[in-house]
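Structure first, commentary second.
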Amino acid sequence: GLPLIPQLLHNNAENFAAMAARLEDLGYDHINWNIGCPAPMIVRKRRGSGLLPYPDAIVAFLEVVMPRLKARLSIKTRLGLQHNSEILALLPRLDDFPLLEITIHARLGKQLYRGTTDLEGFAACQGLTRHQLVYNGDITDIDVFNDLAGRFPTIQRWMIGRGALADPFLPAAIKGAAAIPLPEKQHKIMAFHDDLYSQYRERLFGPSHLLGRMKQLWAYLVAAFPNQDRLLKKINKVGSEEQYQKLMKDLR
Ligand SMILES: Cc1cc2nc3c(=O)[nH]c(=O)nc-3n(C[C@H](O)[C@H](O)[C@H](O)COP(=O)(O)O)c2cc1C
């Protein structure tokens, strides 16, 4: 199976340590701390990217948590909440801790998912840490990846989020896999879809929950199918499982 890395969003070191101990009991040996989430409700509580203006609080948190952790810890973050001076102040102070890696989404929290990534802001991080940096943000196709890889030759690790949902074959293509013809891609996506749908059906309670999940996924998967906009509208209009299943049948 795929390695699974649980992620925690705490700002309270005691709670984090307790939850981490529980995860360790379950067998996880790598935990990720999210100090990048931009959701306003999270930020207001000084969690996620809401912590980035407070490097002292981040260091104090790690001083309590790290000695109690058996699992390895990595961090997922952004360039800052309001300004990239926040990450520049924080990174050197993280050198004191044995972190596995630091993934940086090259946006500010205040941007949410809007605007462009700040590649100069990411470049400025590079000389400021002894830790392995992972680049994240808007890797949507192989050309974008190649540009970034050329621009940041020392970066060895890359995180792809939405780009991999829209094109599940992108990570393999980046690793040099042969191109797959579109009909074969569609066939594989539908096989994945069917598997996911049947497993969600067993676990989720009620059709609106199930269809809601599938609609969220289709917002990305639709990119591999013709007439994307029309198809997505149709999917979003569906109100029952029967309608949904019929639409999926017609799509094949
Ligand atoms: C709907 C949505 C939910 C997300 N939830 C999380 C999350 O729980 N934890 C996290 O680290 N990042 C989360 N992210 C951020 C992504 O991990 C990633 O940093 C961001 O989308 C930029 O990368 P991308 O352009 O490759 O998608 C979320 C993004 C989206 C769009």
Walk me through whether H131 and T129 qualify under side-chain hydrogen bond (donor to acceptor under 3.5 Å, both in side chains). CA-CA 5 Å; H131 294 301; T129 178; 4.9 Å; no
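- The minimum heavy-atom distance linking A164 with P171 is given by the pair CB-CG, 4.2 Å.
- Aromatic ring centroids of W218 and F225 lie under 6.0 Å apart.
- Side-chain atoms of L99 and Q132, non-hydrogen and from C-beta on, never get closer than 4.5 Å to each other.
- Atom CG of L62 and atom CG of L94 lie 6.5 Å apart (nearest 0.5 Å).
- Using a distance-only test at 3.5 Å, with no hydrogens or angles considered, no donor-acceptor pair links the side chain of Q7 to the main chain of W33.
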side-chain contact (heavy atoms from CB on, under 4.5 Å) for C37 and R47? Distances and angles first, verdict last. CA-CA 8 Å; C37 177; R47 294 195 286 150; over 6 Å; no
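- Rounding to the nearest 0.5 Å places OG of S49 at 9.5 Å from CD1 of I42.
- A single hydrophobic cluster is not seen to contain both L73 and L9; linkage of ILVMFWY side chains at heavy-atom distances under 4.5 Å, directly or through other members, places them apart.
- Taking the six-membered ring where the residue is Trp, the centroids of F169 and H187 are separated by 6.0 Å or more.
- We find that E14 and R68 are joined by a salt bridge, their nearest charged nitrogen and carboxylate oxygen being less than 4.0 Å apart.
- Panel note: side chain E24, backbone K70; a donor-acceptor pair is recorded below 3.5 Å.
- Counting heavy-atom neighbours within 6.0 Å of R230 CZ, excluding the residue itself, gives a total of 12 or less.
- In this structure, E101 and L133 have side chains that are not in contact, with every pair of non-hydrogen atoms separated by 4.5 Å or more.
- In plain terms, the two heavy atoms of L128 and A124 that are nearest each other are CD1-O, 3.5 Å.
- The minimum heavy-atom distance linking A224 with Q186 is given by the pair O-NE2, 2.9 Å.
- With rounding to the nearest 0.5 angstrom, the CG atom of L148 is 8.0 Å from the CZ atom of R151.
- Smallest separation of non-hydrogen atoms from V144 and I139: CG1-CA, 4.0 Å.
- Sparse packing is recorded around CZ of R203, with 12 or fewer heavy atoms of other residues, nucleotides or ligands lying under 6.0 Å away.
- Under 4.0 Å is where a charged nitrogen must lie from a carboxylate oxygen, and between D250 and K246 at least one such pair does.
- A cation-pi arrangement is absent between R78 and F122 under the rule of less than 6.0 angstrom and at most 45 degrees off the ring axis.
- The backbone N or O of G137 sits less than 3.5 Å from a side-chain atom of Y135, completing a donor-acceptor pair.
- No more than 12 heavy atoms of other residues, nucleotides or ligands shown are found within 6.0 angstrom of CE on M19.
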H105/Y113 under side-chain contact (heavy atoms from CB on, under 4.5 Å): CA gap, chis, key distance, verdict: CA-CA 10 Å; H105 176 189; Y113 293 89; 4.1 Å; yes
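- Note on L90: it does not cluster hydrophobically with V43, by side-chain heavy-atom contacts below 4.5 Å among ILVMFWY residues.
- Residues V222 and M248 share a hydrophobic cluster, clusters being chains of Ile/Leu/Val/Met/Phe/Trp/Tyr side chains in contact below 4.5 Å.
- Between T116 and Q111, the closest heavy-atom pair is O-NE2, 3.1 Å.
- In this structure, K110 and P38 have side chains that are not in contact, with every pair of non-hydrogen atoms separated by 4.5 Å or more.
- Here the closest non-hydrogen pair linking L88 and C125 is CD2-N, 4.3 Å.
- Side-chain atoms of D95 come within 3.5 Å of backbone N or O of R130 as a donor-acceptor pair.
- For K215 (side chain) and V238 (main-chain N/O), a donor-acceptor pair under 3.5 Å exists by modelled atom type.
- Under a 3.5 Å cut-off, the side chain of E202 and the backbone N or O of Q199 do not form any donor-acceptor pair.
- A distance-only check finds no donor-acceptor pair linking the side chain of E184 to the backbone of I180 [under 3.5 Å].
- Using a 4.5 Å heavy-atom cutoff, the side chains of L108 and L81 are not in contact.
- A cation-pi contact links R46 to Y54, judged by a cut-off of 6.0 Å to the six-membered ring centre and 45° from its axis.
- Two residues are said to be in side-chain contact when any heavy atoms from C-beta on lie closer than 4.5 Å; L170 and T140 fail this criterion.
- Checking side-chain atoms of Q216 against main-chain N and O of G212 turns up no donor-acceptor pair under 3.5 Å.
- The side chain to side chain contact (heavy atoms under 4.5 Å, CB included) test with L79 singles out one residue from I87, L52, T117, and that residue is I87.
- Rounded to the nearest 0.5 Å, atoms CG (L204) and CZ (R213) are 5.0 Å apart.
- P98 is listed as a side-chain neighbour of M66, based on a closest heavy-atom distance under 4.5 Å.
- Taking the six-membered ring where tryptophan is involved, the planes of F16 and H10 are perpendicular, since the angle between them exceeds 60° and thus also 30°.
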Do I104 and V134 pass the side-chain contact (heavy atoms from CB on, under 4.5 Å) test, and can you show the C-alpha distance, the side-chain angles, and the key distance before you say yes or no? CA-CA 6 Å; I104 301 180; V134 183; over 6 Å; no
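- Counting heavy atoms from C-beta outward, M214 and H193 have side chains that approach closer than 4.5 Å.
- The line from OG1 of T103 to CG of N32 is 6.5 Å long, rounded to the nearest 0.5 Å.
- Between the side chain of N11 and the backbone N or O of K45 there is at least one donor-acceptor pair closer than 3.5 Å.
- At a threshold of 4.5 Å between side-chain heavy atoms, the hydrophobic network of Ile, Leu, Val, Met, Phe, Trp and Tyr places I5 and L100 in two separate groups.
- None of N84, D138, N136 except one satisfies the side chain to side chain donor-acceptor pair (under 3.5 Å) rule with R107; the exception is D138.
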Intermediate values then yes/no, side-chain contact (heavy atoms from CB on, under 4.5 Å), R162 and Y220: CA-CA 7 Å; R162 294 164 296 174; Y220 298 102; 3.5 Å; yes
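- The hydrophobic clustering, which links ILVMFWY residues whose side-chain heavy atoms are closer than 4.5 Å, places L196 and L247 together.
- Within the model, atoms CZ of R201 and NE2 of H209 stand 15.0 Å from one another, a figure rounded to the nearest 0.5 Å.
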